[in-house]
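Within every chain, numbering begins at 1; the chains are lettered A, B, ... in the order of the sequence lines, protein sequences first and strands thereafter.
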Amino acid sequence: MRESYDPAEIEPRIRRLWQDNDIYRWHADENGRPKWFVQSMFPYPSGDLHIGHWFAFSGGDAAARFKRMEGYNVLHPQGFDAFGLPAENAAIRGNVHPKLWTYDNISNMRRQFELMGNSYDWSRQIITCDPEYYKWNQYFFLKFLENGLAYRSDGAVNWCPEDQTTLANEQVKDGKCERCEAVVEKRNMPQWYFAITKYADEMLDMSGIEWPEKVIVSQENWIGRSEGVNIRFDISEYGLETESIGTFTTRIDTIFGVTFVVLAPEHPLVGQLTQPDQRPIVDEYVAAAARETEIERTSAVREKTGVPTGAYCINPINNERVPVLVGDYVLATYGTGAVMGVPAHDARDFEFAKKYDLPIRVVVAPEGWGGEELEEAYLAPGVQVNSGEFDGLPSAKGMEAIADAIEANGWGERVVTYHMRDWLISRQRYWGTPIPVIYCGDCGTVPVPYEDLPVELPADAAFKPSGRSPLTEHEGFLNAPCPKCSGPGKRETDTMDTFMDSSWYHMRYLSPDNDEDPFDPDFANSWAPVDQYTGGMEHAVMHLLYSRFFNRALRDMGYVDFDEPYVHLFSHGTLTTEVGKISKRSNPLAPDPLVQEYGADTLRCYLMFLGPWDKGGIWTESGINGIRRWLHRTWDVCLRNPEELSGGDDAAERALDVAGNTVTKRVIEDMRVYKYNTSIASLMTYVNQLNEAWDNGGVSPKLWRESVRRLILHLAPLAPHIAEELWLLNGGEFSVHQQPLPEWQESKLTVDTIKIVVQVNGRVRDTIAVPADAGEKEIAATALASPGAVRHTQDKQIRREIYVPGRLFNIVVG
RNA sequence: GGGGGAGUGGCGGAAUGGUAGACGCGCAUGCCUUAGGAGCAUGUGGCUUCGGCCGUGCGGGUUCGAAUCCCGCCUCCCCCA
């Protein structure tokens, strides 16, 4: 008597079998199979793998398993993004060392990963807080320094008051810290930067990658290249040290429409230009602006405000004298901190001009414009008017001609600006990679010699919420002899942004134990880039941007010979609960009890069945029973004795054969594009069809055996444990995960008799059954004679007949 | 404000020019059972005079035929300002 499906018994036993045989360990290929480097973004070791992790990693693992069965030599590693603030905060709160906290979490999450049964090659695991790993962060930092890609600079930076550290621009969302959502402040302090902007133009070229459109667009927007002109408005009449106001515009074609100039409240010229009678009102305005945040000031819905300085400047193109105002919708940090006001052709300027009754002069005419006033700013291209010698030019041409004229006269110059800034990598925190630099009173900033790497984090740092990195108070770490002169020096106490770790970790998977080099260059060039990468949209900018920069830096320093780190990218959606996003910060929904109750295979399949993988979804347990029932049915179907079948029913035999070929085609095509939900739906249908065939009893034992094998093979990437068990119980050779996919034949996708829909005027009136090889004439005759068609065509004239082969026959009557 | 995505039964979702609602959940009826939050079977968009009619956010259009393509509008989500 065969036993019923018991995942609690099967799954651990099967996993042990995989481990004992080490089947997921990568080996250099002996058979010339093509390589496939497939990777899921590694997790932060927050403590538990929550259901969102399962959603992400089930799909990634299914992709790796499927690719293996497609005949590739697959490398599928996993690791831990182990530096970061939560560990340090845990230390401050709970008096547990970040290292201990992190490694405890890692061992727990490793256990939970085992529970999933993923096909990782754990022999290549990397943990970024391991000195053997972060040593290479320091190594690359020094290389960047040598190659002019790292530099230290003093200036305004983003400061998170909650996390007590600076942040990169990418980590500020809506003026708030990306991870803790505290409002970010501006501070001035010297920090280390990577010269990512050096690659801005090259990174705009996405031709070497196949990524989702939305990620590509996000990166383009973030890099934010804009071509424009810097143009100076003369203020020499005031006899100041500065003789002009520099403004930046992308719409130089509208220069003749300037009717005012607006300075940011923080602009250095505000104080000097403000005329005595305007002084009180300007001072008050500037003070008020300082109390507001950047988000408030740039909000689209907020009314634009401003005050006149009483001063004027001169537009060089037409020598017009226009008023200078102060307005808080202009930001000191963007462009030159001053904009030329062209109300006719800029929405914000238009609103501003309406409010303060400033003139609005059209200089780019909309089509058919007859000189009337505009109801709103006209932003599209048009024809130059009121533009002196440029009148009549299309504005696109006007843009070039005017820019030429400005450059020729020395009034300004073309410039390219980017939204993206250099990557600020300094963090005033303990749990990160120490920046390997020593400051010497005599020699200045001295890099730590390579042979002294790694600069290890001292274990005995004092964790207290002092607002300063524990490293600044650790005398043993802080004081170090200058590598050049051996005089007394002080170590840099800032650590690196943890995005440094993830910018190249995929390369370290290739040589995890190499202590001579970060990775073996020959192996790297034959195995990288990553062929397939999967992860969430939250890294569309940040991680994915930094990695693309880092890879180009590696390339230019001679480490790799390719441009892009990740060739194909798939962004899975976000799994949420009704209350919000599941993440390390909220709603940890522990999968362990679910695994206990339903089994890992059921949970994996259920997550993949919820909907399209890239759409994400809302977690709810309702419905998981459907998957459980299906796997029970699958179990039952696959363990029947084929010899009980009598065979002899050709139609049933043919029908099951068609069902098998059909499911193979569907599942393979859907799996290739990560449509796991419809893959599973097809497999469910197939199980139902197998049940029908069994009840009919007329199929041959031989076809039954083949059909069952087919089912198990397609199940393997999605439900790896049950597939293995069923495979072995059916006499399959270990392991099912090393088998090739079943094949299908186009000629076996249709049964002998096909159903044709009969329409009259596009409405379904009947269906007819015809032989699959029936000709159009035969089908037309049958269709026209069908009762439904007759009912709607009698007494009417048939005007047209449309036949869609194999699908429908439409009769058009008048 | 700009960019991207979406809107289909009670629910998750299929179908991207050819039978709308595959597959599953839920629900209903029946069977089995000492019992059922188990299993199995059947049914399940609405209305219906059982011929059909209506139905994919709303309004128009193209087509023999539109969830799908085009025009206008509404709502929601994500990213950027």
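Remark: A:Arg640 is positioned above the aromatic ring of A:Trp694, its terminal NZ or CZ atom under 6.0 angstrom from the ring centre and at most 45 degrees off the axis.
Nucleotides B:C58 and B:C74 place their P atoms 15 Å apart, quoted to the nearest Å. B:A6 and B:A67 are spaced 13 Å apart, taking the C1' atom of each and rounding to whole Å. Taking atom C1' on both nucleotides, B:G57 is separated from B:C76 by 11 Å, rounded to a whole Å. Between B:G21 and B:U68, the two C1' atoms lie 15 Å apart (nearest whole Å). B:G37 and B:A20 have their C1' atoms separated by 34 Å, given to the nearest Å. Only the C1' atoms considered, B:G17 is 30 Å distant from B:G10, to the nearest whole Å. Here, B:A14 and B:G60 have their P atoms 29 Å apart, quoted to the whole Å.
Salt bridge annotation for A:Glu746-A:Lys665: present, with a cationic side-chain nitrogen under 4.0 angstrom from a carboxylate oxygen.
A:Asp766 places its CG atom 21 Å from the P atom of B:G18, with the value rounded to the nearest Å.
Remark: A:Asn688 is in phosphate contact with B:G24, judged by side-chain N or O atoms under 4.0 Å from OP1 or OP2.
Residues A:Phe570 and A:Trp613 bring their aromatic ring centres within 6.0 Å.
When heavy atoms are screened at a 4.0 angstrom cut-off, A:Val757 is found touching base atoms of the nucleic acid. Contacts of A:Asn625 with the nucleic acid, taken as non-hydrogen atoms under 4.0 Å apart, are absent.
Under the 90° criterion around 0 for the glycosidic angle, B:G9 counts as syn. Base orientation of B:G51: syn, the glycosidic angle falling within 90° of 0.
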For A:Arg666 and A:Thr678, run side-chain hydrogen bond (donor to acceptor under 3.5 Å, both in side chains): C-alpha distance rounded to whole Å, both residues' side-chain angles, the deciding distance at 0.1 Å, then the answer.
CA-CA 8 Å; A:Arg666 283 199 187 145; A:Thr678 48; over 6 Å; no
